[in-house]
Amino acid sequence: GYFDPAHYSGYYRISYKGTQARYVEYSDVTHEYSGKLQPIRTTGDYILICPPTDEVCAYFGVSYVDWCKSATHEAEKNGFKWVIRNKGNSVPLAEMLAKARAVITYNSSVGWQALQQGIPCLSDVQNSVVGSYYGTNSLADVITLHNTLPREPLFNFMRSHQYTLDEIKQGKAWCIIKHYLRDRQE
């Protein structure tokens, strides 16, 4: 799941042909996000870059080296210092996010964790729920949109795209499955 994931006792994501749903206006919001969103952050020491793992690169056909070059270039062209944090880094994520002005990631959960903390996040438009919400490949645009676009619709969308195994067994996930299948048949 996006929030409170755990095998068997937590939530599981529902998406169409991907690891994350793409944000669209979804009129059937079945659950509202109940977590707390921190105020928008407008300062920080660096752009935190969280590259895709080897597994994500293989699944989506992404070149790790090319992706990192593009991410560091995006930070530099906007006048920011940057720090790369690979998954499994020994420095706690919370410590690194505390100093971040923004985050660049491919489709990591770090993206929505940053948004919860009021930190803008640039993420892949096609393969990330966060990236599809902002709909841009520009760090400058994400920072601008982050200051004007409310985060609640994205978090409600994400919350409505996850279910427990019991909810799935009860048939509660069918509404979203039918939604995606109907859109593909028309």
Please tabulate, for the side chains in residues 35-51, all donor-acceptor contacts under 3.5 angstrom to protein atoms that are two or more places apart in sequence or on a different chain.
from	atom 1	to	atom 2	distance (Å)
Arg41	NH1	Leu97	O	2.6
Arg41	NH1	Ala100	O	2.7
Tyr46	OH	Met96	O	2.8

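- Among residue pairs with one or both ends in residues 73-100, those qualifying as salt bridge (Lys or Arg N to Asp or Glu O under 4.0 Å) are Glu74-Lys77; sequence neighbours excluded.
- Judged as a ring-ring contact (aromatic ring centres under 6.0 Å, His included), the pairs with a partner in residues 119-155 (not counting sequence neighbours) are, in order, Phe3-Phe155, Tyr23-Tyr133, Tyr33-Phe155.
- A donor atom on one side chain and an acceptor atom on the other are found under 3.5 Å apart for Asn86 and Tyr64.
- Side-chain contact, Asn127 with Asp124: a donor N or O sits under 3.5 Å from an acceptor N or O.
- With hydrogens and angles ignored, the 3.5 Å screen pairs a side-chain donor or acceptor of His161 with a backbone N or O of Phe157.
- Under 3.5 Å, the side chains of Ser128 and Asn107 contain no donor-acceptor pair of N or O atoms.
- Taking the side chain as every heavy atom from C-beta outward, Ile104 and Cys121 never approach each other to under 4.5 Å.
- Atoms CD and CG, from Gln170 and Asp166 in turn, are 6.0 Å apart once rounded to the nearest 0.5 Å.
- At distances below 3.5 Å, at least one donor-acceptor pair connects side-chain atoms of Ser160 with backbone N or O atoms of Asn156.
- Rounding to the nearest 0.5 Å places CD1 of Ile168 at 10.0 Å from CD of Gln162.
- With hydrogens and angles ignored, the 3.5 Å screen pairs no side-chain donor or acceptor of Arg13 with any backbone N or O of Ala21.
- Not a single donor-acceptor pair under 3.5 Å links the side chain of Gln117 to the backbone N or O of Ala114.
- When atom types are taken as modelled, the side chain of Gln20 and the backbone of Val129 share a donor-acceptor pair closer than 3.5 angstrom.
- A single hydrophobic cluster is not seen to contain both Val110 and Val56; linkage of ILVMFWY side chains at heavy-atom distances under 4.5 Å, directly or through other members, places them apart.
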(request) Any chance you could lay out the side chain to side chain contact (heavy atoms under 4.5 Å, CB included) test for Leu115 and Leu154, step after step, and finish with the verdict? (result) CA-CA 10 Å; Leu115 291 178; Leu154 171 62; 3.6 Å; yes
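- Going from atom OH of Tyr2 over to atom CD1 of Ile14 covers 10.0 Å, rounded to the nearest 0.5 Å.
- In this structure, the separation between OH on Tyr11 and OH on Tyr163 is 10.5 Å, given to the nearest 0.5 Å.
- Nearest heavy-atom pair, Cys68 versus Ile84, reported as atom, atom and distance to 0.1 Å: SG-CD1, 4.4 Å.
- A donor-acceptor pair is defined here as one N or O able to donate and one able to accept, closer than 3.5 Å; no such pair exists between the side chain of Asp141 and the backbone of Asn137.
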